[in-house]
Number of protein chains: 4
Amino acid sequence: MARYDFASDNTAPAAPEAMAAIVAANSGFASGYGSDTVSARAADLVRGLLDADADVRFVTSGTAANAICCATLCQPFEAVLAHEHAHIATDETGAPGFFGHGLRIAGLPGPSGKIDPSGLAAPLAAPDQPHWQSPAALSLTNATEYGTVYSADALQALIAPVKARGYGVHLDGARLANAAAAGFDLKAIKTLGVDLLVIGGTKAGMTPTEAIVLFDKSLTRRFDARLKQGGQLPSKGRFYAAPFIGMLEDGAFVRHAGHANGMARRLAEAMPFRINHPVEANAVFVEMDEARLAALHAAGWFVYRFLDGSVRFMCSWATTESAVDELADALRRIA
Amino acid sequence: MARYDFASDNTAPAAPEAMAAIVAANSGFASGYGSDTVSARAADLVRGLLDADADVRFVTSGTAANAICCATLCQPFEAVLAHEHAHIATDETGAPGFFGHGLRIAGLPGPSGKIDPSGLAAPLAAPDQPHWQSPAALSLTNATEYGTVYSADALQALIAPVKARGYGVHLDGARLANAAAAGFDLKAIKTLGVDLLVIGGTKAGMTPTEAIVLFDKSLTRRFDARLKQGGQLPSKGRFYAAPFIGMLEDGAFVRHAGHANGMARRLAEAMPFRINHPVEANAVFVEMDEARLAALHAAGWFVYRFLDGSVRFMCSWATTESAVDELADALRRIA
Amino acid sequence: MARYDFASDNTAPAAPEAMAAIVAANSGFASGYGSDTVSARAADLVRGLLDADADVRFVTSGTAANAICCATLCQPFEAVLAHEHAHIATDETGAPGFFGHGLRIAGLPGPSGKIDPSGLAAPLAAPDQPHWQSPAALSLTNATEYGTVYSADALQALIAPVKARGYGVHLDGARLANAAAAGFDLKAIKTLGVDLLVIGGTKAGMTPTEAIVLFDKSLTRRFDARLKQGGQLPSKGRFYAAPFIGMLEDGAFVRHAGHANGMARRLAEAMPFRINHPVEANAVFVEMDEARLAALHAAGWFVYRFLDGSVRFMCSWATTESAVDELADALRRIA
Amino acid sequence: MARYDFASDNTAPAAPEAMAAIVAANSGFASGYGSDTVSARAADLVRGLLDADADVRFVTSGTAANAICCATLCQPFEAVLAHEHAHIATDETGAPGFFGHGLRIAGLPGPSGKIDPSGLAAPLAAPDQPHWQSPAALSLTNATEYGTVYSADALQALIAPVKARGYGVHLDGARLANAAAAGFDLKAIKTLGVDLLVIGGTKAGMTPTEAIVLFDKSLTRRFDARLKQGGQLPSKGRFYAAPFIGMLEDGAFVRHAGHANGMARRLAEAMPFRINHPVEANAVFVEMDEARLAALHAAGWFVYRFLDGSVRFMCSWATTESAVDELADALRRIA
């Protein structure tokens, strides 16, 4: 039987806390488009999580959420600086350019998914000229695509020169829960200069939902119209808010992510292949040739080769110790 | 206490069949982006509902679904013909122009939300000229925004001249269930020349989900990339497919819509205000002045004045006889 | 032989002053993209014409200039208010929506191409709501599409409530020269709250060129990148600037327009058909049935039926008295 | 005095043949938007130049022309393959993504501006998947950005596998005249599978104008509406067509380019710095450090450092032998 346990963290089902909250929210009539009490309660919990007075919206797609944030911060004739392997740059079918009418994602290098701060200087210093798309924003990801985690200080070092030029900052938190479980202080975000944050619900173990957090509340003006035009203002908004209630009320959001991170460490410890990136969150990237990857597929374990050539193993809230051990056995057989 | 029962058909919770299906689907790991077995099963059921060999995708937003269909059938320098009060023309914040990069919705008149066939002739006959956006597609809605229902013959009369010119056809079925419950034969759609159909799950009583049906399978090429770029290819696709399983497997889809239509008839029978459009589906539109609408609001019943000046009452799967009777009492008191 | 004299004011050749300036500018090497001395000189002359400290750019297309102005002032999820028969609304193939990524042109009524001030109140007062595109800017046209001319006071009355809400203002001056020749004070524009003005060179008798005037200089930031991305930053910029030098240095700009306006008056005086709009600039709109229009075409005179059903006759700098008289004779024969 | 002679080939004035044709075309009234007899005559001459039965349009901007071609051949969720240093990829402010609503330019490597054929195989073979933008077209440039020239055979080798997959082909001929003067057979283009060609007038010594050649005439349907919406359907079309008449009637188009190429060779022969790319057309790229480039600027010669780190010298129809010799002297002094 095909095993998708480690293919991604979105192959997992929703956690019981999320499902219970949806079932609980599914009662009676509610006003539409996010104006309901469930959405209000969930937004309060998000503000509590971040200890921040910010506006919060719940949307259906992380791809759209990121793209809408880019389009909010950046004109079509400008660029968003991002790690060259950021999800927005490589895995979202050009959604930022679609939602942003041609805006450019300017890729920056850096090891293990983290932007090398020294690479920021040149694009920020380049004088505006009409023949290319000058930067208007920085997009960061925490935890990164390679399962590493920025500290608040590391983010601050990247953000400060960007804000000094008056540019915007977007934080893609598709795996923010994993970063938090790895020690990243969510309450520090409000001090960093992030304008727009996307908190991933889906990969954190919810049914599909993402929260857009507008730290810069001036951006909230007509933001709902922007969401509606982009297909991201759900009429039955409570179904996108409720999972956040279930996961935030009792701490399951970070607790589950801590489990996922732990499963990645367990896998790393048993891993017979060379590990290519620090295992700080819920991913293990390893060196594996095509023949061995084919053998792993043949054994029923579906995982993918990533942009850097590594094979990626993702853990989630639903990953079990026994699954890790089974996979480790399989890996040892083909190593 | 505020009553949203009649404000829209999306203020209702999800029906038990939909919720049960979601809970049932929430088990084990599943491959992503609609490649899972739940999505496959749901697509089969949609094909069965329509008795058609078509491709099916499940997305999160009716607004996005409609806009993506328009963009699939129409270039930016072209126009989609639609009723002047169609949802895509008046209630989606210009989403077709956003997803379609400036494409125009060309509004056509007609009573009670139905396009007057005689109004089609002129735009179809107008010669192409470079200064305006010539039509490339027709968008129809069934049931209409005014709660009326096209027969298959009526749709055929509108579609035939459009197909004769080689243009595309989109059918917005946000309330297709209500049309079906009113006697519209869903199995006839495949004979009508519809290229792209959106079946509304949300208003039919599901958790948020919509099905895009590609009758013209040539349009399926790279359609998933189109969806992904537009933020409409959910990673955990089973949560958008499952409600269709729950609602289609045992006929709840049309059965619940029949209940909603029945509640609208019950309300119409008790209605002390003049009814402005035939009550064929789940809506009742009435003549009501501002003072009386304010009195109704003051009594706790939230309903809205519509584009034609009528006040709209929507029923849903969850509308109860007693709620209708309570509302009717309230209406009689202010009439 | 076919006569296009009265078909439009863009069927005329370029005036000798414009051509002489191009020939004069065509000497030696020049730096590119508007950084040359010819462009600088022309910008000075435009500032002098308007008695305003504004930034000026020379572009190739009035359609693009207007669309880029709209996109500068208005987000995709917003709307530009304009007369329902404004050129941007009816004759530019949806260019504002294309350059503005789905922005809406919201048409306002008013006699003879002028917006009725009373029609502005409702859209300006409507509360923001996410389901429709709220206004963000007002677009005006002077002289209007119907050959009428706003006074500065009339513009002020329309602009004041718009600026009071913080919205932007665009003035389409495709026929600004004709307005000036009719008495409109160009030096008053700077006091009116116009943010972006397009001065038509083409219809004024130049080779193709339009000037964008940025009264709000904060909009100039990265505007050249916007122009370049939109195909409107000509490398050999001097060829778009030079005609303005030729036409502004000696007053030919307004003088030629005065001639065009005079020819329209001459035609109006001889006109055997009912005139539908005040003849204040260079156009005469008349009531004419299809048979008579066909007869006129058969006689070799190409003119067009306009949006309001009138047949339109346009005069230009190149229209001769004898041509007017010939046309008047032809009209009398078919009247 | 600042010298722009070698900064670009668009710093030159227009050639006498082009100017004479414009002056000649500036007579009498003409129908608008490319329907005039001057435009028809110029299109005939372009067809003659290419010995091809193709549709021809004259537009104002090479950037827009290229971007519109990309948008014609490629959907927003697709990609255009191009050399990584192609003008559309690096020097047009993201215009293809703007006109193409997010389409991606996928850069391919290759020496001296020519795509390495071996680099095409991987993107063409990659299976469609929804998370990235699959290729839909190939864009080629001849002469290239580095002043090298593809032979017809070399183009054929790149185009054949692309057409085999049913994808489109765009040829950016901003310097097609220089390629022709270097021996590239313009009459061979029609056999190569090029769908859309842009012939540069501006860099060839005309006033601003570019010709779009539609070899695939099925693409002409509603193309004028596409141009109009994109601000590229000039009302006074004769001014964009006339220069082609002047330059094609007597062979000046290729003759002048031959002169420009010869000047580049003359400069190359005298060049004291290392030349980085074969000098096959009108450009010389050399190795020069910052101090020496600054010295050159200080001596009044404006030239630019290019993407590959070279300093670029461009020649044009207007470059004189004495200017080349003066420059060579200056270079020797700082070498």
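Values below: all heavy atoms of this structure, side chains included; hydrogens, waters and symmetry mates excluded. Chain A is the first sequence line, chain B the second, and so forth, proteins listed ahead of strands; every chain is numbered from 1.
Along residues 67-98 of chain D, the residues that come nearer than 4.5 angstrom to chain A, judged on non-hydrogen atoms, are D/P76, D/F77, D/T90, D/D91, D/E92, D/T93, D/G94, D/G97, D/F98 in order of number. Close approach to chain A, defined as a heavy atom under 4.5 Å from one of its heavy atoms, is seen in D/P130, D/H131, D/W132, D/Q133 of residues 126-135 of chain D, taken by number. Proximity to chain D at a heavy-atom threshold of 4.5 Å picks out nothing from residues 202-211 of chain A.
By the salt bridge (charged side-chain N to carboxylate O under 4.0 Å, His left out) test, A/R104 is found to be paired with no residue, residues two or more places apart in sequence or in another chain being considered.
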